[in-house]
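A short write-up of the structure that comes next.
Here is the naming used below: chain letters follow the sequence lines, and residue numbers restart at 1 for every chain.
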Amino acid sequence: DVKVTQSSRYLVKRTGEKVFLECVQDMDHENMFWYRQDPGLGLRLIYFSYDVKMKEKGDIPEGYSVSREKKERFSLILESASTNQTSMYLCASSRQGNTQYFGPGTRLTVL
Amino acid sequence: GESVGLHLPTLSVQEGDNSIINCAYSNSASDYFIWYKQESGKGPQFIIDIRSNMDKRQGQRVTVLLNKTVKHLSLQIAATQPGDSAVYFCAETKGSGNTGKLIFGQGTTLQVKP
């Protein structure tokens, strides 16, 4: 079975802090994705990566950056957390052109 | 613009009945569609997929139907059970290429009454 894990299920940070969200997949997938999910807005793509050290902006990249140094790991970075970044963050991975498999999510609260 | 939408935000069914969840898409070039199930507090879970060269695909208790003429996708769940209560999302490929980017609908909440 595909397994996508995320470093934390719940996280509470303060405004201005730098936040790291980690995602690891064990299926040797080329593609990895970061989404945020908010009530009424559905899933919105922040960034994705189709190879090591490669990244592309999604629909809402502002205020975020990413890092992919190894194929299995994709990190989402909030350089200076703000309250409007309080959300559920979901990581996913896939083989090229195929189904995305999701992690359990990290519920981030920024105070 | 491109959008993937679900007809109803909430669907309530009796345990044991069949459920039908609908989705309309607007991108005629989309060639791959997926249904996900998301239970409260969890990430979306893959249910079933279908490619545009097919009209129907069946899984265990689930069937996906694709009508390309009217750009409509549906998920049918047979003999709905309480464990089927969740939010269901449809998703489609966004454009061509092999990055696997998807666009998602807003979701339909399925409530199963005992």
Are B:Trp35 and B:Leu65 connected into the same hydrophobic cluster when the rule is that any two of I, L, V, M, F, W, Y join if their side-chain heavy atoms are below 4.5 Å apart?
no
Cluster link A:Ile46 to A:Tyr35, ILVMFWY, side chain under 4.5 Å:
no
Region of A:Gln37 in contact with chain B, defined by heavy-atom distances below 4.5 Å
side chain
Under 4.5 Å between side-chain heavy atoms, hopping through other hydrophobics if needed: is there a path connecting A:Val66 to A:Tyr50?
no
Going by the rule side-chain contact (heavy atoms from CB on, under 4.5 Å), which residues pair with B:Arg57 if we only count those two or more places apart in sequence or in a different chain?
B:Ile48, B:Asp49, B:Ile50, B:Met54, B:Val64
Among the clusters formed by ILVMFWY side chains lying less than 4.5 Å apart, do A:Met88 and A:Tyr64 turn up in the same one?
no
Is the shortest heavy-atom distance from the side chain of B:Gln38 to the side chain of A:Leu43 under 4.5 Å?
no
So if I take each residue of residues 102-109 of chain A and look for any heavy atom under 4.5 Å from a heavy atom in chain B, which residues do I end up with?
A:Phe102, A:Gly103, A:Pro104
For the CG atom of B:Leu102 and the CG atom of A:Leu45, what is their distance to the nearest 0.5 Å?
9.0 Å
Taking atom NZ of B:Lys42 as the centre, does the number of heavy atoms from other residues, nucleotides or ligands within less than 6.0 Å exceed 12?
no
Let me check something: any side-chain donor-acceptor pairs from residues 9-17 of chain B under 3.5 Å, sequence neighbours excluded? List them with distances.
{"residue": "B:Gln14", "atom": "NE2", "partner": "B:Pro114", "partner atom": "O", "Å": "3.0"}

Tabulate, in ascending numerical order, the residues of residues 8-17 of chain A having at least one heavy atom closer than 4.5 Å to a heavy atom of chain B, or enter 'none'.
A:Arg9
What pair of heavy atoms forms the shortest contact from B:Pro44 to A:Leu90, and how long is it?
CD-CD1, 3.8 Å
Under 4.5 Å between side-chain heavy atoms, hopping through other hydrophobics if needed: is there a path connecting A:Trp34 to A:Val24?
no
